[in-house]
S.K.: 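One structure follows; several queries about it will come next.
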Amino acid sequence: MLHMGPVILAIESSCDETSASVIRNGKVLNNIIASQNVHQKYGGVVPELASRAHQRNIVPVVDQALSEAGVHARNLQAIAFTRGPGLMGALLVGVSFAKGMAAALNIPLIEVNHMQAHVLAHFISEPHPRFPFLCLTVSGGHTQLVRVNAHLDMEVIGETQDDAAGEAFDKAAKLMGLPYPGGPLIDQYAAQGNPNAFTFPATSMPGLDFSFSGIKTAFLYFLRDKVKDDPDFIANNLPDLCASLQAHLVDMLVSRLKQASDLTGIREIAIAGGVSANRGLRKRLSEMAEKEGWNLFIPEFQYCTDNAAMIAIAAHFKFKEGMFADLGVVPQARMPF
Ligand code: KG4
Ligand code: ZN
């Protein structure tokens with residue numbers, strides 16, 4: 001055990017994935033994720049069902065993380081958890097479990113901000129972006145542009161004022177009759193469609209902020225008018241609809257990122273969150289990187305969507321700084337940096 005860094009167990013339960021990860025001396029040993037399928041038939045995450053599923057999953061997920069890592073609970077030096085932002089009932093399960101375990105083992109607790117963890121996922125494996133860098137975090141719950149000065153020093157320089165980017169994908173997919181979550185399906189159909197087949201109005205927001213509620217409404221009216229003339233319009237144009245909508249959403253994201261890069265002079269560019277899996281976004285970003293001289297970083301997919309490995313790496317940096325939480329800590333549904 002000599003020369004070994006801290007061994008930390010991390011727990012993530014902010015939305016609809018129950019996840020646990022063990023990290024030793026900054027090296028993530030595993031990333032166990034139990035996804036919840038109960039939400040699919042409702043077309044979105046149902047908070048009460050998420051909370052109950054976390055309660056069912058948390059013990060087996062933590063057990064699996066510890067046993068697969070070959071780590072006994074008594075060898076842990078800290079327990080980390082997502083404090084927020086997220087669904088209150090979902091967060092409560094992870095926070096309560098972490099508090100109970102830390103108290104029983106008499107080891108410290110580390111609270112982690114879920115959004116900071118999405119950014120810090122870039123430090124799980126090599127190569128890392130250099131400081132300062134810009135990170136665009138895009139998922140079903142969030143859309144943020146973050147300026148990252150150091151591991152634990154970052155600021156939000158732009159964010160959505162309404163829906164998240166992933167929500168825009170999912171809601172548009174729902175309007176086309178696709179099942180939840182529709183983002184990956186739009187991505188699939190878009191690959192066979194023409195991105196210039198249809199155009200949608202641009203939404204303008206001040207500064208570096210985003211707004212996705214306008215495009216959702218515009219898309220709804222667009223479909224309604226087309227379907228009035230041709231009831232089979234959606235079925236007959238699905239690839240073109242998906243490709244055009246995706247191109248529009250990608251453009252909204254990438255144009256903001258370019259503005260932020262121009263404004264700050266930062267060319268180390270990173271993306272995080274579930275939407276970073278989108279092939280249209282990746283392609284546009286690679287083209288921009290080439291053109292603008294960006295150094296582009298996209299984490300492995302398992303570290304893009306919600307996962308405990310990103311909580312573990314964030315906890316590793318906090319452990320080194322002695323940043324521990326009080327045993328009385330409570331979850332925070334809205335949690336600024
Ligand atoms: O990070 P994540 O797993 O969970 C949240 O924190 O929300 O992100 C899930 C979101 C969903 O909205 C999903 O539709 C979207 O990421 N997503 C995609 C793709 N894969 C996942 N959106 C577009 N294209 C994809 N390939
Ligand atoms: Zn997330």
Side-chain angles (χ1 to χ4, degrees), residues 10-19 31 33-37 39-40 42-47 50 54 81-87 90-91 94 112-122 135-144 146 159-160 163-176 178-191 193 195 212 215-216 242-243 245-254 271-285 298-311 313-314 333-335 337:
I11 294 164
E12 155 66 32
S13 75
S14 65
C15 190
D16 61 346
E17 325 275 359
T18 317
S19 180
N31 182 35
I33 303 176
S35 297
Q36 305 178 359
N37 297 322
H39 309 287
Q40 199 152 7
Y42 299 99
V45 177
V46 183
H54 284 305
F81 62 93
T82 302
R83 184 179 179 193
L87 301 169
L91 291 166
V112 172
N113 180 304
H114 179 89
M115 300 309 300
Q116 284 192 348
H118 267 302
V119 173
L120 293 172
H122 286 279
C135 184
L136 174 69
T137 312
V138 271
S139 75
H142 359 271
T143 306
Q144 277 187 343
V146 183
E159 65 188 325
T160 183
D163 292 349
E167 240 179 314
F169 271 100
D170 296 340
K171 286 179 177 171
K174 200 173 171 179
L175 293 174
M176 293 185 283
L178 299 174
Y180 175 83
L185 292 169
I186 290 188
D187 191 354
Q188 271 176 37
Y189 285 112
F212 291 99
I215 174 64
K216 181 187 64 191
C242 290
L245 181 85
Q246 176 169 296
H248 187 78
L249 294 173
V250 165
D251 194 58
M252 287 168 80
L253 294 170
V254 174
I271 59 165
V275 180
S276 55
N278 186 269
R279 282 171 291 170
L281 179 61
R282 286 176 178 235
K283 186 160 173 281
R284 270 292 298 282
L285 283 172
I298 307 178
E300 262 175 64
F301 184 65
Q302 63 162 325
Y303 303 135
C304 281
T305 53
D306 287 352
N307 68 87
M310 69 184 193
I311 306 303
I313 193 77
R334 295 179 66 84
M335 189 179 178
F337 281 11

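Both counts, for ligands and for their atoms, begin at 1 and track the order of listing.
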S.K.: Taking all non-hydrogen atoms of both residues into account, name the closest pair between Cys15 and Asp306 and its distance.
M.R.: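 Distance-wise, the nearest heavy atoms are CB-OD2, 3.9 Å.
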S.K.: What does the angle at the Zn ion (ligand 2) come to, between atom OD1 of Asp306 and atom NE2 of His142, rounded to 10°?
M.R.: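 Angle OD1(Asp306)-the Zn ion (ligand 2)-NE2(His142): 160°, rounded to 10°.
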S.K.: Could you pull out the atom name of the N/O/S atom in His118 that is nearest the Zn ion (ligand 2)?
M.R.: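 Per the distance ranking, His118 contributes NE2 as its closest N/O/S atom to the Zn ion (ligand 2).
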S.K.: Looking only at protein heavy atoms, which one is nearest to atom 24 (N) of ligand 1, and how far off is it?
M.R.: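 The closest heavy atom on the protein side is Asn278 ND2, 2.9 Å.
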S.K.: Heavy-atom contacts under 4.0 Å between Asp187 and ligand 1: side chain, backbone, both, or neither?
M.R.: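 The part of Asp187 near ligand 1 is the side chain, not the backbone.
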S.K.: Among protein heavy atoms, which sits nearest to atom 15 (C) of ligand 1, and what does the distance come to when rounded to 0.1 Å?
M.R.: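 The closest one turns out to be Val275 CG2, 3.9 Å.
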S.K.: Closest approach of Ala165 and Val138, non-hydrogen atoms and distance?
M.R.: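 Distance-wise, the nearest heavy atoms are CB-CG1, 4.0 Å.
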S.K.: Should you measure from each heavy atom of Ser139, which atoms of ligand 1 turn up under 4.0 Å away?
M.R.: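 Taking each heavy atom of Ser139 in turn, ligand 1 has 1 (O), 2 (P), 5 (C), 6 (O), 7 (O), 8 (O) under 4.0 Å.
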S.K.: State the atoms of ligand 1, each with its element, that fall below the 4.0 Å cut-off from a heavy-atom position in Gly166.
M.R.: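 Reading through ligand 1 atom by atom, the close ones are 12 (O).
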S.K.: Exactly one of Val250, Leu136, Ile271, Leu253 should register a side chain to side chain contact (heavy atoms under 4.5 Å, CB included) with Leu285. Which one does?
M.R.: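 The residue from Val250, Leu136, Ile271, Leu253 that satisfies side chain to side chain contact (heavy atoms under 4.5 Å, CB included) with Leu285 turns out to be Ile271.
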S.K.: For ligand 1, is there an atom lying under 4.0 Å from some heavy atom of Pro184?
M.R.: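 A heavy atom of Pro184 does come that close to ligand 1.
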S.K.: Taking atom types as modelled and ignoring hydrogens, do the side chains of Gln144 and Thr137 form a donor-acceptor contact shorter than 3.5 angstrom?
M.R.: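 Not at all, the side chains of Gln144 and Thr137 share no donor-acceptor pair under 3.5 Å.
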S.K.: Closest approach of Glu17 and Ile33, non-hydrogen atoms and distance?
M.R.: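 The answer is OE1-CG2, 3.7 Å.
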S.K.: What part of His142, side chain from CB on, backbone N/CA/C/O, both or neither, has a heavy atom under 4.0 Å from ligand 1?
M.R.: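 It is the side chain that gets close, since no backbone atom is under 4.0 Å.
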S.K.: Check whether any N or O atom of Gly141, backbone or side chain, sits under 3.5 Å from an N or O atom of ligand 1, and answer yes or no.
M.R.: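 The answer is yes, given that Gly141 and ligand 1 share an N or O pair closer than 3.5 Å.
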S.K.: Quick one: which ligand 1 atoms are inside 4.0 Å of a heavy atom on Gly140?
M.R.: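 Contacts of ligand 1 toward Gly140, numbered from 1: 5 (C), 7 (O), 8 (O), 9 (C), 10 (C), 12 (O).
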S.K.: Counting only heavy atoms not in Lys174, do more than 12 fall under 6.0 Å of its NZ?
M.R.: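 Check fails, neighbour count at 12 or below.
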S.K.: Asn307 and Gln302: side-chain donor and acceptor closer than 3.5 Å?
M.R.: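 Note: Asn307 and Gln302 side chains miss the donor-acceptor criterion.
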S.K.: Based purely on interatomic distance, does Asp306 place a nitrogen or oxygen under 3.5 Å from a nitrogen or oxygen of ligand 1?
M.R.: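 So ligand 1 has an N or O lying under 3.5 Å from an N or O of Asp306.
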S.K.: Could you tell me whether the side chains of Asp16 and His54 share a donor-acceptor contact shorter than 3.5 Å?
M.R.: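 Asp16 vs His54: no donor-acceptor pair found between side chains.
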S.K.: Nearest protein heavy-atom contact for atom 3 (O) of ligand 1: which residue, which atom, what distance?
M.R.: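 It is Thr305 CB, 3.2 Å.
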S.K.: Below 2.8 Å, can you find an N, O or S atom of Cys15 next to the Zn ion (ligand 2)?
M.R.: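 No - counting backbone and side chain alike, Cys15 has no N, O or S atom under 2.8 Å.
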S.K.: List the closest protein heavy-atom neighbour of atom 17 (N) of ligand 1: residue, atom name, distance to the nearest 0.1 Å.
M.R.: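 Of the protein heavy atoms, Gly274 O, 3.7 Å lies nearest.
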S.K.: Looking only at heavy atoms, is any part of Asp170 under 4.0 Å from ligand 1, and if so is it the side chain, the backbone, or both, or is it neither?
M.R.: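 Only the side chain of Asp170 comes within reach of ligand 1.
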S.K.: On a heavy-atom basis, which atom in Ser14 and which in Pro85 lie closest, and how many Å separate them?
M.R.: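 Taking Ser14 first and Pro85 second, the nearest heavy atoms are CB-O, 3.7 Å.
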S.K.: With atom 18 (C) of ligand 1 as the reference point, say which of Gly183, Cys304, Gly273, Gly86 has the nearest heavy atom.
M.R.: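 Of the listed residues, Gly183 has the closest heavy atom.
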S.K.: So does Tyr180 get a backbone contact from the side chain of Asp170, meaning a donor-acceptor N/O pair under 3.5 Å?
M.R.: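 It does not hold such a pair.
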S.K.: What's the verdict on side chain to side chain contact (heavy atoms under 4.5 Å, CB included) for Phe81 and Ile311, showing C-alpha distance, side-chain angles and the deciding distance?
M.R.: CA-CA 7 Å; Phe81 62 93; Ile311 306 303; 5.8 Å; no
